[in-house]
Each structure stands twice: as C-alpha cells, then as structure tokens.
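The figures here come from the full heavy-atom set of this structure, side chains too, leaving out hydrogens, waters and symmetry mates.
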Amino acid sequence: MQSLAAPFIAVPLMVLMTEEITIREIPWIASLVHITRTVASAAGLALVATFTRKQEQLHSALLGQHVESGSALVQGRIDATAATLEAQAIDPALAADQATAMLAGTVQREAFVLAYADMFLLLGIALALTALLTLFMYRPKLPGKFL
C-alpha cells in the first residue's frame, strides 16, 4: 500500500514544498521533507495498528457471541479436539483445557483476518481518494528552477 500511495501523496507534496525555493533554502527544505516523511510514517503506522487492533477486538466479540458455552456444536468441536489430544497421551482434563484454548485461538485468528480485511478496505478507499485528489492539486510550471 505504501508503494502504491507514494506517487499520490509523497511526490505531489515534495513538488509543492520544493517548487519555489532558492539554493540557500535547499538544506532546510531537505530536513523538512525528511521530518515530514518520518512523522507521517509514524502517525500512519500508529493509526493502522490502532484501527486493526480495535477491529480485531470488535470482530472477536462478535464471533465470540456465536460460540456459546454448552452449545452442542461447540462442545462437539471441543470434544473432538480433546479426543485427538488424548490420543497423543495427554491427560484428559488437560486435553479439554487445551481444546478450549485452541478454539479460542481459532476465534481470535479469524477475528484478525476480518480486521486486516477491514484495514485493507480502508486503505484502498484512502488510496483511491488521494489519487482523485491529486488530479485537482496545483500544477507547478515544469521544469523547475533546478532542472
């Protein structure tokens, strides 16, 4: 996503930041570009991680509502997994606990899959909107001063 989004965000911003500068301003603009890229990358990563984690919690809660304790389907899955674990010479009580933990892990894994799907959808929409936005940005006169 970052490699696809760079032409729509980073390049137009750099053109806008560097179009009207003098030779004396080049070091200052270079550091401004570097700081902007660093802060924007950190902020973007934090937003993606936070959104993904919140979506995982949401999906985990929603999926967990369908996994009812004592349900015949759920108990059948736990019993089948416990039987498989018991066949590997594991204590029956421990096997039931491990089977329950494995089912919880499956629910969490699927919640993460749904959360990542949500995140990619959001990033795709943001990419499409920024691509559309670049069509309406100020177009500098090319070639620039330093070309």
Worksheet entry | Connected via hydrophobic side-chain network under 4.5 Å: I26 and L32 | yes
Worksheet item: Do L114 and M119 share a hydrophobic cluster, counting only Ile, Leu, Val, Met, Phe, Trp and Tyr and linking them when any side-chain heavy atoms are less than 4.5 Å apart?
Response: no
Worksheet, complete the sentence: Residues joined to V39 in its hydrophobic cluster, side chain to side chain under 4.5 Å directly or through other members, sorted by chain and number, are I35
Discussion item. Taking transitive links into account, so neighbours of neighbours count too, which hydrophobic residues share a cluster with W28 at under 4.5 Å side-chain distance?
Written reply: none
Distance-only donor-acceptor hits, side chain of residues 72-97, under 3.5 Å, sequence neighbours excluded:
residue: Q75; atom: NE2; partner: D79; partner atom: OD1; Å: 3.0
residue: T81; atom: OG1; partner: R77; partner atom: O; Å: 2.9
residue: T84; atom: OG1; partner: A80; partner atom: O; Å: 3.0

Worksheet item: Roughly how far, to the nearest 0.5 Å, is CG of L63 from OG1 of T106?
Response: 11.0 Å
Worksheet, complete the sentence: One should read off an interatomic distance between I125 CD1 and T130 OG1, to the nearest 0.5 angstrom, of 12.0 Å
Pairs of donor and acceptor atoms involving the side chains of residues 43-58, under 3.5 Å and at least two apart or interchain, shall be tabulated with distances.
residue: T50; atom: OG1; partner: A46; partner atom: O; Å: 2.8
residue: T52; atom: OG1; partner: V48; partner atom: O; Å: 2.7
residue: R53; atom: NH1; partner: E56; partner atom: OE1; Å: 2.8
residue: Q55; atom: NE2; partner: D118; partner atom: OD2; Å: 2.6

